[in-house]
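This report concerns only the one structure given below.
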Amino acid sequence: MKTQNKLSTAYVAGALVGAVSLAILSGCESTSAKDEGFKGSLNAVSKTAVAANASSTGFAPLAAIPANPPIPADNKQSDAKVELGKLLFFDPRLGGDASISCASCHDPSQGWAWAEDFSRGYPGTVHWRNSQSIMNSGHYPGSFWANSVTSLEAQAPSAAKGGVAGNGENDIMEARLALIPEYRKRFNEVFGDDFPRIKNAWRAIASFERTINQTDTPIDRYLNGDKSALSDSQKRGKEVFEGKGGCIQCHNGALASDMEMYNIGVPPATRWEEDGLAQITFRFELYAKGSNENLYRTAKADPGAYFRGKNKWDLGKFRTPSLRYTMYTAPYMHNGAFYTLDEVVDFYNKGGFDEDNRTTGWPKTKSDLIKPLGLSDDEKADLVAFIEAFSGDEILMDKPELPEYAPMFTLEELKEAKK
Amino acid sequence: MGIRATKKRLLVSVAMGLGLALTVNAQAASKYPDIGPLPSVKINKAKAELGKRLFFDPRLSGDAAISCGTCHNPEKGYADGMALSAGYPGNKHFRNSPTVINAVHKNRWNWDGRLGTNLNDVTRGMLTEDYIMNMDMRIMQERAKQDPVYVKMFKDAGYGEPSNGSIRKAIPEYLKTLTSKNVPFDKGTMSASAKRGKSIFKGKAGCIQCHNGANFTDGKAYNTGVPENWDVFMDTDRHQAFLAYNQFMGVENYNNLKRDTGAHVHKHAADGSDMGTFLTPSLRELTHTAPYMHNGMIESLEDVVAFYNNGGGEDSNKDSRMKKLGLSSSEQSDLVAFLKSLSGDQLTGDKYVWSEEYPAEYEAIENWREVKN
């Protein structure tokens with residue numbers, strides 16, 4: 001049923017080979033065929049063994065993250081492009097009423113995300129999902145909680161244009177860029193544009209995002225051979241993660257994510273029951289993403305990956321998120337259902353139920369990999385400590401000074417124009 | 001072509017001499033649909049009432065900051081009193097906000113006449129243009145469904161559940177209620193000066209050639225040589241909207257434009273001779289809607305008449321009907337008096353304006369899990 005052995009991207013496979021340490025089959029409480037192979041002891045083994053293990057079991061072991069994300073052939077990095085992308089990322093003129101930039105919802109001081117359950121929305125709206133961190137997003141083969149777009153270049157316009165996100169239109173955003181001399185100059189240098197073209201703005205932003213990475217976390221140092229990088233508690237937590245906790249089944253590889261889709265039982269946001277603005281967005285999203293009448297009328301939970309192929313079996317599934325940088329990105333899950341990692345671990349320990357015993361609104365698709373774990377309080381604390389090992393120091397960035405508008409013509413030029 | 005040539009000759013005669021001109025223009029006047037009172041319109045009360053609430057509701061714009069009534073303000077004759085309209089937050093507009101009084105009596109809309117279907121389409125344009133209300137209509141629909149007052153009003157109006165389609169029907173129904181009221185010209189209570197002005201309008205001044213029919217417009221576009229309003233280009237907030245609009249309308253080299261394109265945006269004449277042509281506007285309700293012209297460049301009716309008396313402005317595409325008129329100053333003030341006699345009462349007060357407050361927040365739907373969306 002699951003497809004987690006298809007680590008489809010070359011990138012993830014590449015990361016495996018780079019790993020210097022891994023978990024191997026330890027034989028403890030393997031409950032199904034699917035589980036085989038990931039339960040780990042901490043025995044260090046050779047690179048060859050890594051590859052062998054990965055290919056025979058399908059689970060990529062945890063791995064250090066490569067220094068740089070893959071760079072698409074048609075959008076090479078350059079300093080000038082990244083610098084331009086940074087300006088644009090922070091520039092609210094790439095949004096409908098010029099008040100909201102990418103950085104408004106991906107705030108460096110809020111983990112490059114937004115620290116509420118639902119992301120803030122375009123003024124007058126609220127989003128329906130939790131804002132995802134930009135950290136390491138260049139490493140992902142697809143974007144969004146439902147993994148619905150396949151490149152950062154394609155992701156940026158859907159963010160800037162979506163009605164509850166940027167709510168901008170290409171024509172006016174492009175016009176604004178044309179009226180900023182500094183951008184005219186930079187787009188010309190970087191892309192050869194006479195006037196800035198909006199699609200190149202998305203390319204520059206994507207290039208900038210590919211520079212927002214964190215590679216020096218305790219787990220990276222540990223996997224690169226520094227055995228002191230993890231505390232004892234974290235080392236025990238790693239064992240739980242790879243063993244009794246079963247986390248590694250989905251949170252594996254260099255990103256601690258297999259990039260596959262699951263319904264792990266996250267309960268629907270209670271905010272939908274209480275907040276009129278959120279109810280509006282909920283129905284809007286159902287409608288806009290193309291629900292049939294029945295789904296639009298009856299859905300009371302986010303259908304998630306369903307919208308990608310309109311397959312019933314995808315209802316309520318979301319992409320396994322990376323666990324990197326999560327120390328800074330609370331609240332967690334696609335709808336921000338949990339505010340702390342302790343809550344997350346309790347949720348998994350109960351087999352995908354929250355403290356009020358609420359679970360997914362789509363019980364039929366709930367993954368059978370999610371079941372009560374029977375973790376002790378110590379094991380839970382160790383697991384939380386281990387998750388924290390996926391985060392290094394907080395990475396902050398000041399908002400750059402943005403270039404200003406200037407009229408395109410002088411009054412003299414205007415007056416001289418032949419009418 | 002033939003018709004155009006005839007008209008040209010007529011105007012040449014106008015310029016030739018007063019006596020002759022009067023006769024010729026008397027014939028000319030009879031060729032044009034006569035000016036007169038507007039026909040009455042049938043209105044569905046419940047739908048119009050709903051439309052009224054929608055018209056003044058800022059929740060119909062993307063960031064919930066402005067309503068139709070912000071730019072079409074009842075206190076300003078459903079225009080906004082500024083040369084150029086404010087536009088959506090984040091930008092400004094590049095045109096004057098026209099009155100919507102009597103919009104129901106037109107068959108082409110906007111200064112450039114780019115919409116020639118119906119007010120439903122005009123409403124859609126207003127709602128969705130990024131520099132006007134920037135509204136994703138799917139969000140608008142859900143906002144309406146979240147407001148119990150709307151849920152009831154849509155039902156009472158026979159629309160069923162609130163939908164973006166019925167919003168675009170209800171607003172035009174309300175617009176039907178905004179028609180001239182107590183107009184001296186319609187009631188036959190014009191001053192003597194205004195009556196003299198009427199003859200000048202139909203005769204010597206030749207205004208009737210374009211401003212004809214009950215609503216004083218022939219629905220065609222002309223270049224009268226109104227000077228450019230340089231704010232459109234010098235104010236980057238306006239210029240961005242102007243660029244967006246020309247790009248959207250498929251005008252070539254829009255970044256290099258140094259004049260308002262006018263009806264060229266939809267006529268696309270290869271030689272550009274339609275550049276700077278604008279739809280003949282109605283002349284009703286002018287006393288409430290200064291400043292005048294597509295870009296608010298003329299401040300008073302006296303100045304408008306002086307502009308025409310001078311043969312309009314300068315433009316290589318200027319219409320050949322625009323010739324010096326040789327009106328005396330008393331003829332000019334008679335013409336102004338006539339123009340003023342085309343305005344009626346302000347359409348203010350509860351009959352026309354939604355004055356109840358809109359809820360500051362959206363109430364949550366109770367029992368959300370149990371009820372259907």
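As the structure is a prediction and not an experimental result, all values here were calculated from the model. So that the names make sense, note that chain A is the first sequence line, chain B the second, and so on, each numbered from 1.
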Determine, step by step, whether B/Tyr362 and A/Gln279 satisfy the side-chain contact (heavy atoms from CB on, under 4.5 Å) criterion, reporting the C-alpha distance in whole Å, the side-chain angles of both residues, the deciding distance to 0.1 Å, and the verdict.
-> CA-CA 9 Å; B/Tyr362 296 98; A/Gln279 292 176 347; over 6 Å; no

Heavy-atom distances under 4.5 Å only: say whether [X] touches chain B with side chain, backbone, both or neither.
| X | answer |
| --- | --- |
| A/Leu286 | side chain |
| A/Glu174 | side chain |
| A/Pro268 | side chain |
| A/Ala278 | neither |
| A/Ala288 | both |
| A/Asp275 | backbone |
| A/Thr281 | neither |
| A/Tyr296 | both |

Does any heavy atom of chain A fall under 4.5 Å from the side chain of [X], the backbone, both, or neither of them?
| X | result |
| --- | --- |
| B/Phe233 | both |
| B/Pro227 | backbone |
| B/Glu228 | both |
| B/Arg143 | both |
| B/Asn223 | neither |
| B/Gln146 | both |
| B/Tyr254 | side chain |

Interatomic spacing from [atom1] in [X] to [atom2] in [Y] - rounded to 0.5 Å:
| X | Y | atom1 | atom2 | answer |
| --- | --- | --- | --- | --- |
| B/Met137 | A/Phe284 | CE | CZ | 12.0 Å |
| A/Glu285 | B/Arg138 | CD | CZ | 8.5 Å |
| A/Ile280 | B/Arg59 | CD1 | CZ | 8.0 Å |
| B/Lys258 | A/Met408 | NZ | CE | 10.5 Å |

Stepwise side-chain contact (heavy atoms from CB on, under 4.5 Å) check, B/Arg369 with A/Glu273 = CA-CA 7 Å; B/Arg369 300 204 59 81; A/Glu273 298 171 32; 3.3 Å; yes

Got a salt bridge between B/Glu161 and A/Arg283, using NZ or NE/NH1/NH2 to carboxylate O under 4.0 Å?
-> no

What is the minimum heavy-atom distance between [X] and [Y], and which atoms define it?
| X | Y | result |
| --- | --- | --- |
| A/Glu169 | B/Asn134 | CG-OD1, 4.4 Å |
| B/Ala64 | A/Gly124 | CB-CA, 4.5 Å |
| B/Gly90 | A/Ala98 | CA-CB, 4.0 Å |
| A/Thr410 | B/Met234 | C-SD, 4.3 Å |

Side chains of B/Asn373 and A/Phe282: closer than 4.5 Å at any heavy-atom pair?
-> yes

Within a strict 4.5 Å, meaning less than it, do heavy atoms of the A/Leu179 and B/Leu243 side chains meet?
-> yes

More than 12 heavy atoms of other residues, nucleotides or ligands under 6.0 Å from [atom1] of [X]: is that the case?
| X | atom1 | result |
| --- | --- | --- |
| A/Glu355 | CD | no |
| B/Lys169 | NZ | no |
| A/Glu413 | CD | yes |

With respect to chain B, which residue among A/Thr125, A/Leu277, A/Asn167 yields the maximal number of heavy-atom pairs within a distance under 4.5 Å?
->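 So the answer, after comparing A/Thr125, A/Leu277, A/Asn167, is A/Asn167.
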
Which one, A/Ser99, A/Ala178, A/Pro92, A/Ala299, leads in non-hydrogen pairs under 4.5 Å with chain B?
->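 Sorted descending by pairs with chain B, the first entry is A/Ala299.
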
How about A/Tyr405 and B/Gln240: does a side-chain donor come under 3.5 Å of a side-chain acceptor?
->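 Short answer, yes.
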
Are A/Lys419 and B/Asn317 linked by a side-chain donor-acceptor pair shorter than 3.5 Å?
->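 No pair is found: no donor N or O on one side chain lies under 3.5 Å from an acceptor on the other.
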
Select, from B/Asp315, B/Asp237, B/Asn246, B/Val371, the one with the greatest count of heavy-atom pairs under 4.5 Å involving chain A.
->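 Option with the top pair count is B/Asp315.
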
Option that, when pairs with chain A are counted at under 4.5 Å, heavy atom only, ranks first among B/Ile365, B/Asp136, B/Asp235, B/Asn91 |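 Most heavy-atom pairs under 4.5 Å with chain A: B/Ile365.
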
So, for A/Phe409 and B/Trp230, is the gap between ring centers shorter than 6.0 Å?
-> no

